[in-house]
There are 2 protein chains.
Amino acid sequence: MQTCRERGMKATHQRIEIFRELAASGAHPDAETVYQAVSQRVPSISRDTVYRTLATLEAEGFVRKINPLFERARYDANLDHHHHFICTVCGSVTDFCSERLDNLPIPASVEALGEIDSAHVQVQGICAACAHNRKPTQPPAGVL
Amino acid sequence: MQTCRERGMKATHQRIEIFRELAASGAHPDAETVYQAVSQRVPSISRDTVYRTLATLEAEGFVRKINPLFERARYDANLDHHHHFICTVCGSVTDFCSERLDNLPIPASVEALGEIDSAHVQVQGICAACAHNRKPTQPPAGVL
DNA sequence: GTAAGTGCAAACCGTTTGCAAGGAA
DNA sequence: TTCCTTGCAAACGGTTTGCACTTAC
């Protein structure tokens, strides 16, 4: 709340309800699910507000998408065990292999959740090309 | 090719081109990208065929989606370091924590790909509820 | 010859956007 | 009072679907 105001965001009650709903749920809901839940308490809220608020909360770092690659279905013909480096700027995905990562110590608590098919590591970061474009011609010290 | 026929699939040249394109590309393309590439060699191909073929190849296990959660944006208010168990049947996501998985040995080759922000483990499987529904009343041995 | 696969076009669904009215600071 | 936010409705983009034609087997 205060944090919101400090960043120039208004603390409307729609926003507060949306964030509370998300924080209370452990289920990683999508926008529609949040909308359904919140509209029970705020019947006049619109879907669009939920979408916009989630985007705002994400931009401010209060909330995170669990699926950075949700926009389109992307396919892979490489069925060997491998891991992914995902660029959060351009969305490119690069495979990498690592024997040490192929046999991860999955905690026993996870095996209780269900039958495990596979496990892989997802590394997120900024690929070399995007990192290069973000600091265009890194200004030499002293220049301005 | 033979493998296709064995499974009752016809080996049309559209299918062959689509699979070849995917196998040749290391970029995990989406349907549109595959369509653009293949239509240079098969100008008459339609987008729909690409979509349908990718779905068929996936169903037969020749190809895999890299983003099982691509359908909708899903949000998380838990910003602590944690990992995910994803049910491939119902799409539910359960968080879990593991100190041993929090500091993964990322290979040096990955650090060369770009700046690493975070790394987490993604476990795929079938959650207990779905596993239960799939084998309704597991037939006791001897019965049938 | 027959069933599976293809192309076309329309439908679908999640998400985004422009605009005027409403509300927090 | 001012600017951010909301609600409405229309647009958008990726994907799916129904139907008639084509093609591999």
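FYI, side chains are in, hydrogens and waters are out, and symmetry mates aren't considered; it's all heavy atoms of this structure. Lettering of chains follows the sequences in order, A, B, ..., and the numbering in each one begins at 1.
- Counting only heavy atoms from C-beta outward, the side chains of Glu71(B) and Asp30(A) never approach each other to under 4.5 Å.
- Put simply, Gln14(A) has a side-chain N or O that comes within less than 4.0 Å of OP1 or OP2 on dG7(D).
- Rounded to whole Å, atom C1' of dA24(C) lies 5 Å from atom NZ of Lys10(A).
- Distance from the side chain of Phe70(A) is smallest for dT15(C) among the nucleotides dA24(C), dT15(C), dT15(D).
- The separation between Arg7(B) atom CZ and dA4(C) atom P is 17 Å, rounded to whole Å.
- Defined by atom type and a distance below 3.5 Å, a donor-acceptor pair is present between the side-chain atoms of Glu32(A) and Gln36(A).
- Ranking dG5(C), dG14(D), dC25(D) by closeness to the Arg72(A) side chain, first place goes to dG14(D).
- Across all strands shown, Ala73(A) has heavy atoms under 4.0 Å from sugar-phosphate atoms exclusively, and none from any base.
- Following rounding to the nearest Å, Ile16(B) (CD1) and dT6(C) (C1') show an atom-to-atom distance of 15 Å.
- A pairwise comparison of heavy atoms in Ser46(A) and Tyr35(A) identifies C-CE1, 3.8 Å as the closest pair.
- Distance Glu60(B) CD to dG5(C) C1': 14 Å, rounded to the nearest Å.
- Atoms CZ (Arg74(A)) and P (dG14(D)) sit 13 Å apart, rounded to a whole Å.
- In terms of heavy atoms, Ala31(A) sits closest to Val50(A) at O-CG1, 3.6 Å.
- Summarising the geometry, the separation between CD on Glu17(A) and P on dT6(D) is reported as 12 Å, rounded to the nearest angstrom.
- Under the ring pair (Phe, Tyr, Trp, His ring centres under 6.0 Å) criterion, Phe96(B) pairs with His83(B), not counting sequence neighbours.
- Hydrophobic cluster membership differs between Ile66(B) and Ile66(A), with clusters built from Ile, Leu, Val, Met, Phe, Trp and Tyr side chains linked at under 4.5 angstrom.
- The NE2-C1' distance, from His13(B) to dC25(D), rounds to 17 Å in whole Å.
- Closest to the Met9(B) side chain, of the nucleotides dG5(C), dC25(D), dG23(C), is dG5(C).
- Rounded to whole Å, atom P of dG14(D) lies 15 Å from atom CG of Leu54(B).
- When the nearest nucleotides of DNA chain D are assigned to Thr12(B) and Ala31(B) by heavy-atom distance, the more 5′-ward of the two goes with Ala31(B).
- Taken residue by residue, residues 33-53 of chain B places heavy atoms nearer than 4.0 Å to DNA chain D at Asp48(B), Tyr51(B), Arg52(B).
- The residue Glu32(B) sits apart from the nucleic acid: no heavy atom pair falls under 4.0 Å.
- Contact annotation: the side chain of Asp95(A) approaches that of Asp76(A) to within less than 4.5 Å [non-hydrogen atoms, C-beta and beyond].
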